[in-house]
Amino acid sequence: MRCPCRENQKHHDRHQAREPATPARTAVATKRERDPVAAKQALIAAAVAEFATKGFAGARVDEIAANAGVNKQLVYHYFDSKQGLYLVALESVYAEIREKEQKLTLDALEPLEAMKQLVAFSFDYLAEHPEFIALLADENRNHGAHLRESERLQKMHSPFIEMLEATLERGVAAGVFRPDFDAINLYISIAGISYFFFSNNHTLSAIFGKPLDARGALLQRRRHVIEFALNALRPDKAAA
């Protein structure tokens with residue numbers, strides 16, 4: 001996929017000042033290149049930042065390698081292509097959020113508290129990781145084409161959905177959750193009400209004439225999201 005502003009980017013790159021290489025910087029780069037794990041981690045971190053800022057189409061392998069402090073050829077050596085690196089970058093941000101969700105240990109909490117923790121975590125994670133929102137928005141512009149190629153992503157979601165299903169079942173058994181919710185739809189709703197707020201924060205702030213990214217607004221929205229989700233799950237809200 002080609003960047004629509006490729007020529008402008010080339011012109012910009014020729015005139016953009018770069019920090020000159022020094023013996024110390026060169027030594028660090030050489031050491032990193034000799035360590036496959038460090039080189040891969042540096043490339044993935046740089047790729048996440050670059051793709052989040054410029055999208056798949058606008059990101060440049062040269063810039064990613066330069067920011068990672070390694071030779072550009074290592075991108076092709078480890079990831080085969082720009083597309084391969086983009087997919088690994090997407091997988092890495094999903095892996096991070098799934099790993100942190102697993103650490104919530106929902107099964108060790110009472111159902112209501114477990115769900116409260118999950119909703120709060122979802123909101124807080126998006127507040128702290130704008131790069132995750134940017135990458136998801138870009139991949140949706142690409143119709144999820146890269147994620148469809150990832151078997152790893154499908155596997156990493158299964159344990160979490162199973163944990164959420166178990167929490168729902170415990171809540172239904174305890175009489176605190178309605179019985180007609182399934183885990184996938186519930187998770188989409190929980191993620192969606194927070195995602196929309198952050199992905200559209202600038203336009204929402206402009207429309208309503210208030211800074212919705214201010215600390216007070218964030219805290220107010222966080223409380224609302226938690227109460228909204230828990231109220232939806234209460235058995236007295238079930239359709240007759």
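The chain is numbered in sequence order, starting from 1. The figures that follow rest on heavy atoms only: side chains count, while hydrogens, waters and symmetry mates do not.
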Worksheet item: Between Tyr86 and Asp138, is any side-chain donor less than 3.5 angstrom from a side-chain acceptor?
Response: yes
Worksheet item: With no hydrogens and no angle check, do the side chains of Glu139 and His146 hold a donor and an acceptor under 3.5 Å apart?
Response: yes
Does [X] use its side chain to pair, donor to acceptor, with the backbone of [Y] at less than 3.5 Å?
X	Y	result
Arg170	Leu109	yes
Thr167	Pro111	no
Asn142	Ala145	no
Thr203	Asn200	yes
Arg148	His143	yes

What's the separation between atom [atom1] in [X] and atom [atom2] in [Y], rounded to the nearest 0.5 Å?
X	Y	atom1	atom2	answer
Asn140	Ser199	CG	OG	10.0 Å
Phe198	Phe132	CZ	CZ	12.5 Å
Leu168	Met163	CG	CE	11.5 Å
Leu104	Glu99	CG	CD	11.5 Å
Leu164	Phe181	CG	CZ	11.5 Å
Arg152	Leu90	CZ	CG	11.0 Å

Worksheet entry | side-chain contact (heavy atoms from CB on, under 4.5 Å) between Phe79 and Leu87, worked out | CA-CA 9 Å; Phe79 306 102; Leu87 177 57; over 6 Å; no
Worksheet entry | Arg223 vs Glu227, salt bridge (Lys or Arg N to Asp or Glu O under 4.0 Å): CA-CA, chis, key distance, verdict | CA-CA 6 Å; Arg223 286 193 298 269; Glu227 291 171 4; 5.7 Å; no
Discussion item. Test: ring pair (Phe, Tyr, Trp, His ring centres under 6.0 Å). Region: residues 154-173. Which pairs qualify, not counting sequence neighbours?
Written reply: Tyr94-His157, Phe160-Tyr187
Is [Y] close to [X] at the side-chain level, that is, under 4.5 Å between some pair of heavy atoms?
X	Y	value
Leu204	Asn201	no
Phe177	Pro235	no
Lys210	Ser205	no
Val75	Asp80	no
Leu218	Phe197	yes
Tyr78	Leu85	no

Run the side-chain donor-acceptor check on residues 39-52: report pairs under 3.5 Å with partners two or more places apart or on a different chain.
unit_1: Glu50; atom_1: OE2; unit_2: Lys54; atom_2: NZ; d: 3.2

Worksheet, complete the sentence: Of all heavy-atom pairs linking Ser150 and Glu91, the shortest is OG-OE2, 2.5 Å
Practice prompt. Check Ala57 against Lys82 and note the closest heavy-atom contact, atom names and distance.
Written response: O-NZ, 3.7 Å
For atom [atom1] of [X], is the number of surrounding heavy atoms from other residues, nucleotides or ligands below 6.0 Å larger than 12?
X	atom1	value
His202	NE2	no
Ile161	CD1	yes
Glu151	CD	no

Item to complete: Apply side-chain contact (heavy atoms from CB on, under 4.5 Å) to the pair Asp182 and Leu186, showing each step before the final yes or no.
Response: CA-CA 6 Å; Asp182 70 87; Leu186 176 60; over 6 Å; no
Just distance, no hydrogens or angles: give the donor-acceptor pairs under 3.5 Å from side chains in residues 114-126, sequence neighbours left out.
unit_1: Gln117; atom_1: NE2; unit_2: Glu113; atom_2: OE2; d: 2.6
unit_1: Asp124; atom_1: OD1; unit_2: Arg222; atom_2: NE; d: 2.8
unit_1: Asp124; atom_1: OD2; unit_2: Arg222; atom_2: NE; d: 3.4
unit_1: Asp124; atom_1: OD2; unit_2: Arg222; atom_2: NH2; d: 2.9
unit_1: Tyr125; atom_1: OH; unit_2: Glu96; atom_2: OE2; d: 3.4

Worksheet item: Same cluster or not: are Phe208 and Leu219 linked, directly or through other Ile, Leu, Val, Met, Phe, Trp or Tyr residues, by side-chain heavy atoms under 4.5 angstrom apart?
Response: no
